[in-house]
Amino acid sequence: MSKKYVIANFKMNKLDSEIVDYVNSLKPLVKDATSEVILSVPFVSIKTAVESAQNSNILIAGQTLNENDFGAYTGEVNAEMLCSVGASAVLVGHSERRSHFKETDKEVNKKIMKSLRSGLVSILCIGETLFDKKNNLTQNVLQKQITECLNSIYANELSHIVIAYEPVWAIGTGITASCDEIEKAITTIRTMLVNLYDEKIAQAVNIVYGGSINEKNIKEIAKIKGIDGVLVGGASLDPTSFSKIVMEFNTKEKKTKKAK
Ligand code: PEP
């Protein structure tokens, strides 16, 4: 059974002290989680979050990175810097980075290479806009994003990539993609991976969904065939809500063990 991922994206929310309180509240709530629990926090709080999460099953991630090595890139942070403060993963190509900061698939590709080769798990975000959806372009958009973002990524590196299918129209809108739409997109992405790599490698890639997940809709979404977890924005800001989402992905094996 593949590992599930439940990833929080705090975006530009929470002060350092609030993140300490959050992690301390979350720790006991998810201590029995069988999934990877990852919090993507603002750069300035990565170190504090890592320290607060010590001796727990919570991992800390950055929300983006610069694809260059050290140098004259004022305001930017590279993969080595993320690793040096204890980050385990990084979001790459989030739709807000693509729309506000005009990140292209080519840049996303370079960011993935840098993060992977520094030992970080890359959480690659892809998904169509409402315009794409209305014009039946979802398949084309996903194909372009997958092909360009994974260009020159070796098969053995794919196990360190989580693909987050996040339709842009569902992010922060309160509108969730239907279970059918999510299942179809996951199948489409996996088929694309089979074509780029092979069946065995494609099956091993973790594909999660993101877009207006909350503690109510997660029950149905967690049952979708082929889903390997979720990426949660708004509903991750409250540790209790987020923990309920995390625990929806607990495997039966662990629950049975605990019941004995
Ligand atoms: C996100 O930020 O990736 C996201 C899915 O946000 P929300 O859950 O708020 O839609």
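Just follow the structure's listing: the first ligand is 1, and inside any ligand the first atom is 1.
Applying the salt bridge (charged side-chain N to carboxylate O under 4.0 Å, His left out) test to pairs two or more places apart or on separate chains, those with a residue in residues 217-235 are Lys4-Asp228, Arg190-Asp228, Lys219-Glu248, Glu220-Lys223.
Here the side chains of Ser52 and Ile19 are not in contact, with every heavy-atom distance at 4.5 Å or above.
Counting atoms of ligand 1 from 1 in the listed order, those under 4.0 Å from a heavy atom of Gly211 are 5 (C), 10 (O). Taking every heavy atom of Leu231 and a limit of under 4.0 angstrom, the matching atoms of ligand 1 come to 3 (O), 5 (C). Of all atoms in ligand 1, listed by their number and element, those nearer than 4.0 Å to a heavy atom of Lys11 are 1 (C), 2 (O), 6 (O). Near Gly172, the atoms of ligand 1 lying under 4.0 angstrom from a non-hydrogen atom of the residue are 7 (P), 9 (O), 10 (O).
Checked options Thr147, Ile126, Leu137, Ile163; the residue passing with Leu142 is Ile126 (criterion: side-chain contact (heavy atoms from CB on, under 4.5 Å)).
Heavy atoms of Ala170 come nearer than 4.0 angstrom to ligand 1 in at least one pair. Taking 4.0 Å as the cut-off, Ser212 counts as a neighbour of ligand 1 on heavy-atom distance.
At a heavy-atom distance under 4.0 Å, atoms from both the backbone and the side chain of Ile171 approach ligand 1.
Nearest to atom 5 (C) of ligand 1 among the protein's heavy atoms is Glu166 OE2, 3.1 Å. Atom 9 (O) of ligand 1 has as its closest protein heavy atom Gly234 N, 2.8 Å. Among all protein heavy atoms, the one lying closest to atom 8 (O) of ligand 1 is Gly233 N, 2.8 Å. Scanning the protein heavy atoms around atom 1 (C) of ligand 1, the nearest turns out to be His94 NE2, 3.3 Å.
For Glu96, no nitrogen or oxygen atom sits less than 3.5 Å from a nitrogen or oxygen atom of ligand 1, counting backbone and side chain alike.
Using cut-offs of 30° and 60° on the angle between ring planes, the pair Tyr165 and Tyr209 is tilted.
Considering only residues two or more places apart in sequence or on other chains, Lys47 meets the salt bridge (charged side-chain N to carboxylate O under 4.0 Å, His left out) condition with Glu51.
No chain of hydrophobic side-chain contacts below 4.5 Å, direct or via other Ile, Leu, Val, Met, Phe, Trp or Tyr residues, connects Leu59 to Val23.
Salt bridge status for Glu215 with Lys244: present, with a side-chain N to carboxylate O gap under 4.0 Å.
Here the closest heavy-atom approach between residue Val85 and residue Val50 is recorded as O-CG2, 3.5 Å.
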